[in-house]
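Structure, as C-alpha cells:
Both counts, for ligands and for their atoms, begin at 1 and track the order of listing. Note that the structure is a prediction, hence the values are computed from the model and not measured. Position 1 is the first residue of the sequence, and the numbers go up from there.
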Amino acid sequence: MNVEFMELIRRRRSIRKYRPDPIPQTKVDQILEAARLAPSWANGQCWTFIVVTDPKVKRALAEAGNEWLEHAPCIIAACADPSQSGQKKDQDYYLLDIGIAMEHLVLAAEGQGMGTCWIGWFDEQKARDALGVPAEVRVVALTPLGYPDEEPSARPRKSLSEICRKDRWE
Ligand SMILES: Cc1cc2nc3c(=O)[nH]c(=O)nc-3n(C[C@H](O)[C@H](O)[C@H](O)COP(=O)(O)O)c2cc1C
C-alpha cells in the first residue's frame, strides 16, 4: 500500500465545523468520481448521490437530526435503490455498497483538503421529504462537505491485537 494513501487514512477526521467558503465544482466532481468507481454487489451501482447546496434543502436536512449540518456549504446525500443491489439471508448489500462508495468519497475529499462526516443518525422520512426521493429509494447516509474550521485530534482506535485473530476465532 503506498504511503500517500496511508497518510490520507491517518489524516482523516469527522469534521463538524465548516468554513462557509463554497467548493469549486471541479473538486466536487472529483470527489463524486471516486464514489462512482467503487465496487458494488454484482456491479449493480445502486447509488445516487444528491449534492445539496440550496439553503432551504440544507435547513430541512439539518432538521432531520443534526442542526450543525446547516452550516456546511454542501451536504451530500447517499441514496440507494435496494432492488439494484443484492441480499443474502438477512443481509442487505445496498448498505455495504453505499458504505464502500461513501468511504471512497470521504477519502477523496480528504485528498482535496476537504472535510466530511458520515451521518447515519437522522430521521430518514424527514430526509426523504427534504430531498424528494422516490418511495423505493433509501436515504442511507449524509455527509457535509467543505473546508474544515476545526482540527480535531485523532479519535482512539482499538489496537491491532484487539481486533485481529489468527486462523480461527478462539
Ligand atoms: C456508519 C457511521 C455513522 C455515523 N453517524 C454519525 C452521526 O449520525 N453523527 C455524527 O456526528 N457522527 C457520525 N459518525 C461519525 C463517527 O462518530 C466517527 O467516525 C467516530 O467517532 C470516529 O471519529 P473519526 O471519524 O474522527 O475518526 C458516523 C460514522 C459512521 C461510520
Are any of the side-chain heavy atoms of [X] and [Y] separated by less than 4.5 Å?
X	Y	answer
V140	L95	yes
W41	Y94	no
M114	Y147	yes

Original post:
Would one find more than 12 heavy atoms of other residues, nucleotides or ligands at under 6.0 Å from atom CD of Q25?
Top reply: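 Yes, because the 6.0 Å sphere around CD of Q25 holds more than 12 heavy atoms from other groups.
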Subject >> E150 bridged to R16 by N-O distance under 4.0 Å >> reply: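 Judged by the 4.0 Å cut-off on N to carboxylate O distance, E150 and R16 do not form a salt bridge.
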**OP:** For ligand 1, would you mind listing the residues that have at least one heavy atom less than 4.0 Å away, ordered by chain and number?
**Re:**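 The 4.0 Å shell around ligand 1 contains R12, R13, S14, R16, N66, W68, C117, W118, I119, G120, W121, R155, R157.
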Subject >> Joint hydrophobic cluster, I15 plus L142, side-chain heavy atoms closer than 4.5 Å >> reply: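 They do share one cluster, since a chain of ILVMFWY contacts under 4.5 Å joins I15 to L142.
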